[in-house]
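A, B, ... follow the sequence lines: proteins, then strands. Residue 1 opens every chain.
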Number of protein chains: 4
Amino acid sequence: MGRKQTFTETELLDMTKKLVLEHGYDGFHLKLLSQHLSGARSTIYQYYANKEEIVAACMKRVIANVLEHASAVDESDPLKALEELLLIYVEEAALHQLLGDASKINTSNSTAAARDLEFIEDAHQTLKNQLSRLFERAQQDKSLRQDIPLPVLIGVFFNLFNTPNMMNLPTADWGRLLFQTWIGGAKS
Amino acid sequence: MGRKQTFTETELLDMTKKLVLEHGYDGFHLKLLSQHLSGARSTIYQYYANKEEIVAACMKRVIANVLEHASAVDESDPLKALEELLLIYVEEAALHQLLGDASKINTSNSTAAARDLEFIEDAHQTLKNQLSRLFERAQQDKSLRQDIPLPVLIGVFFNLFNTPNMMNLPTADWGRLLFQTWIGGAKS
Amino acid sequence: MGRKQTFTETELLDMTKKLVLEHGYDGFHLKLLSQHLSGARSTIYQYYANKEEIVAACMKRVIANVLEHASAVDESDPLKALEELLLIYVEEAALHQLLGDASKINTSNSTAAARDLEFIEDAHQTLKNQLSRLFERAQQDKSLRQDIPLPVLIGVFFNLFNTPNMMNLPTADWGRLLFQTWIGGAKS
Amino acid sequence: MGRKQTFTETELLDMTKKLVLEHGYDGFHLKLLSQHLSGARSTIYQYYANKEEIVAACMKRVIANVLEHASAVDESDPLKALEELLLIYVEEAALHQLLGDASKINTSNSTAAARDLEFIEDAHQTLKNQLSRLFERAQQDKSLRQDIPLPVLIGVFFNLFNTPNMMNLPTADWGRLLFQTWIGGAKS
DNA sequence: TATGAATGAGACTTCATTCAT
DNA sequence: AATGAATGAAGTCTCATTCAT
């Protein structure tokens with residue numbers, strides 16, 4: 001019954017992700033979104049009550065996906081686990097940038113957005129805990145150098161994800177190179 | 001001389017920089033700006049013809065400052081020069097983020113903004129050339145490992161600047177630690 | 001016979017009356033209406049072509065009902081007739097308020113609404129004529145005081161209907177008390 | 001300094017009152033308002049942050065005015081005081097209707113509107129207290145008939161204000177006639 | 001017949017920019 | 001030179017109504 005949908009919810013969230021990354025949270029408009037979908041602007045409101053809910057749902061989906069993959073990582077060897085995680089994060093390089101915008105979402109208008117945001121924060125914490133755990137174990141294993149404070153090593157590792165893949169290598173290769181650079185250093 | 005000075009051009013650009021970094025290009029409004037200055041919103045138009053010119057002038061000033069420092073670096077020892085440059089860039093960590101927003105400036109309204117943007121692009125190219133030059137020389141000196149493609153090493157180096165200084169170390173110390181991590185790697 | 005009956009026309013008009021009284025004509029939406037019925041919003045259009053027709057039909061039904069009762073009143077004793085009419089009007093206290101909204105209905109879209117509205121106006125006039133007739137006869141009978149202009153007595157009588165029944169008395173009792181107050185006055 | 005205003009705050013509130021009475025709260029639009037003022041719609045936002053604040057400010061001004069006059073009434077003779085109050089209320093016949101709309105104002109968006117609404121409720125209570133006080137004293141003085149419950153007398157009195165002045169008498173005369181009708185009754 | 005989906009018109013609100021004092 | 005006031009363009013959102021299943 002009813003008409004056929006002009007765009008699916010998945011298409012909507014995919015496009016939202018693309019546009020938020022391209023234009024930033026404040027540069028993201030529903031007009032822009034509707035121009036990149038097949039339907040009219042007002043149709044979007046059939047699915048989400050307001051702009052905030054759209055962006056929150058989009059971010060939730062991204063981080064939920066990362067969380068799922070990260071939870072499946074075998075943590076028995078810390079360094080190996082870190083490399084695997086790096087691959088996951090590089091695959092979803094947008095994560096960081098999106099999370100940076102998450103704090104801009106005004107949740108006073110929408111309980112749905114507030115709920116999504118809470119999920120996002122919980123997931124974020126879970127991911128950070130996992131990394132902390134692995135880093136600490138790696139340090140106890142003496143796998144990491146001791147002359148650099150752990151927060152610096154972690155910070156640089158974290159920041160690695162954002163490195164633009166200008167050579168357009170497959171993410172698996174790209175991630176492995178980044179890990180090699182991070183672990184082994186640049187000097188010969 | 002007429003009315004009392006409300007705010008200087010420097011104050012205006014400083015506040016613009018702060019607010020653009022805080023809110024992103026699209027989240028930056030003249031209303032916001034005037035709220036953080038002592039005068040009225042319309043007074044801003046005594047200095048700049050429109051929003052685009054303000055942001056362009058702000059970015060130009062930032063990159064001109066970096067360019068000046070970077071030009072003064074002694075390039076005789078490539079690795080040493082890179083470390084010095086890293087310090088400069090870390091000092092002006094906002095540079096990257098601001099440059100990312102530069103492309104959003106719509107120059108069709110303002111020749112002044114267009115001129116500033118051109119300057120910015122030239123300066124950006126100059127800085128990139130300097131880095132390429134140094135990296136190439138470092139590689140020829142066999143100071144850098146050969147098993148990782150040069151673009152990867154450069155990319156990671158570049159990305160280093162954005163690492164948030166969560167320990168709030170003095171920038172000189174922070175920059176040195178970043179360099180050590182980058183050059184020597186994380187493993188013990 | 002096809003799908004299950006969702007809501008009857010009577011339910012639709014009853015709910016319309018309730019909601020128009022609660023929210024006023026401009027605060028009455030089809031969305032609101034459908035939320036208080038069992039079916040979908042679009043199903044309403046199986047019964048009426050547009051919002052105006054619904055409200056017009058609702059008002060017509062109300063005034064037709066009052067008209068029917070008022071026509072049956074025995075007018076031989078003017079004062080007695082007025083008391084009986086008061087009971088009828090108090091029973092349908094909403095009438096006044098609804099008639100006040102009738103003028104807001106835009107009939108340019110719908111001939112059906114225009115026809116209903118015409119009926120409403122005719123009925124309204126009929127009711128007013130009945131009251132005028134009774135009042136005039138009552139005055140000729142010297143049943144009413146002469147020092148107050150007749151329009152004032154009529155106006156106060158008319159306005160009586162809207163008095164909120166805050167003690168929640170049965171309408172018959174409530175109406176009788178109102179009539180006593182009107183006819184006998186407040187002083188001891 | 002600055003341009004000359006196109007309309008004053010008083011003009012704005014006067015017109016708001018007129019239009020809210022004419023169209024009801026839900027039928028009142030800023031577009032409508034601006035069409036009845038000299039300026040553009042957006043200019044209104046220089047003075048009030050949103051629609052709710054405008055209506056709240058309008059109602060506050062009306063009730064504050066009534067409160068001021070009602071407070072000045074000499075209450076030594078209850079019936080005389082009631083007659084004087086009736087005149088005041090008839091003069092501001094809109095009060096009741098406006099107060100009915102007051103509950104529709106959504107204050108979640110605006111603290112200013114919430115504050116005004118609180119004032120309105122306090123003032124409303126003060127006025128109701130004054131009437132209750134006078135009615136009770138009038139009853140103790142045996143000035144009012146005992147066979148009708150006091151709430152009915154009060155209710156009818158209250159409702160008197162809304163009687164449309166169809167003969168267009170000066171309000172003083174009109175009020176006196178209403179009072180005479182109420183106190184003495186309709187019968188000869 | 002009933003309805004989910006689509007949509008344009010219209011209302012609210014913000015903001016860059018201009019104007020006039 | 002500084003600014004309060006004015007304004008139109010643009011974005012958010014709601015709703016009556018239509019469409020197609």
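- For the pair D:Leu30 CG and E:dT13 P, the computed distance is 6 Å after rounding to whole Å.
- Residue A:Lys51 contributes atom NZ, which lies 13 Å from atom C1' of F:dC13 at whole-angstrom precision.
- Contact record, C:Ile63 with C:Ile120: CD1-O, 3.7 Å, taken as the closest heavy-atom pair.
- The residue among A:Ser38 and D:Ala49 whose nearest nucleotide of DNA chain E is located toward the 5' end is A:Ser38.
- Atom CD1 in A:Ile54 sits roughly 15 Å away from atom P in F:dG11 (whole-Å rounding).
- Within the structure, a side-chain polar atom (N or O) of C:His29 is placed less than 4.0 Å from OP1 or OP2 of F:dA16.
- D:Lys31 contributes no side-chain N or O that, together with a main-chain N or O of D:Arg41, makes up a donor-acceptor pair within less than 3.5 Å.
- When both pairing distances are held under 3.5 Å, E:dT7 makes a Watson-Crick or G-U pair with F:dA16.
- Between D:Arg3 atom CZ and E:dA20 atom C1' the separation is 6 Å, expressed in whole Å.
- Atom NE2 of D:His23 is separated from atom P of E:dA11 by 12 Å (rounded to the nearest Å).
- Distance CG (A:Leu32) to C1' (F:dG11): 12 Å, rounded to an integer number of Å.
- If you find the closest nucleotide of DNA chain E to B:Asn109 and to D:Gly2, the one lying nearer the 5' end belongs to B:Asn109.
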Using the rule given for salt bridge (Lys or Arg N to Asp or Glu O under 4.0 Å), can you reason through D:Arg61 versus D:Asp116, listing the C-alpha separation, both sets of side-chain angles and the distance that settles it, and then say yes or no? CA-CA 9 Å; D:Arg61 200 185 54 148; D:Asp116 283 350; over 6 Å; no
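- With hydrogens and angles left out, the side-chain atoms of A:Ser110 and A:Glu53 include a donor and acceptor closer than 3.5 Å.
- Checking D:Gln5 against B:Ala40, the closest nucleotide of DNA chain F that is more toward the 5' end is the one next to B:Ala40.
- Residue B:Arg41 contributes atom CZ, which lies 15 Å from atom P of F:dT7 at whole-angstrom precision.
- Of the candidates F:dA6, E:dG8, E:dT17, the closest approach to any side-chain atom of B:Glu52 belongs to E:dT17.
- Residue A:Tyr48 places no side-chain N or O under 4.0 Å from the OP1 or OP2 atom of F:dT12.
- Residue C:Ser42 places none of its side-chain N or O atoms closer than 4.0 Å to OP1 or OP2 of E:dA2.
- The pairing partner recorded for E:dT21 is F:dA2, the criterion being a Watson-Crick or G-U wobble arrangement whose two distances lie under 3.5 angstrom.
- Here A:Tyr47 lies in heavy-atom contact (under 4.0 Å) with sugar-phosphate atoms only.
- Of the candidates F:dT7, E:dG4, F:dA2, the closest approach to any side-chain atom of B:Thr43 belongs to F:dA2.
- Atom OH in D:Tyr45 sits roughly 15 Å away from atom C1' in F:dA9 (whole-Å rounding).
- For the OP1/OP2 pair of F:dA2 and a distance below 4.0 Å, the side-chain nitrogens and oxygens of B:Gln46 include no atom meeting the criterion.
- Note that C:Lys60 lies in the cation-pi zone of C:Phe119, set by a 6.0 Å cut-off to the ring centre and a 45° limit from the axis.
- Put simply, the side chain of B:Leu33 reaches to within 4.5 Å of the side chain of B:Ile44, judged on heavy atoms.
- Listed nucleotides E:dA6, E:dC15, E:dT13 differ in distance to D:Asn50; the shortest reach to its side chain belongs to E:dT13.
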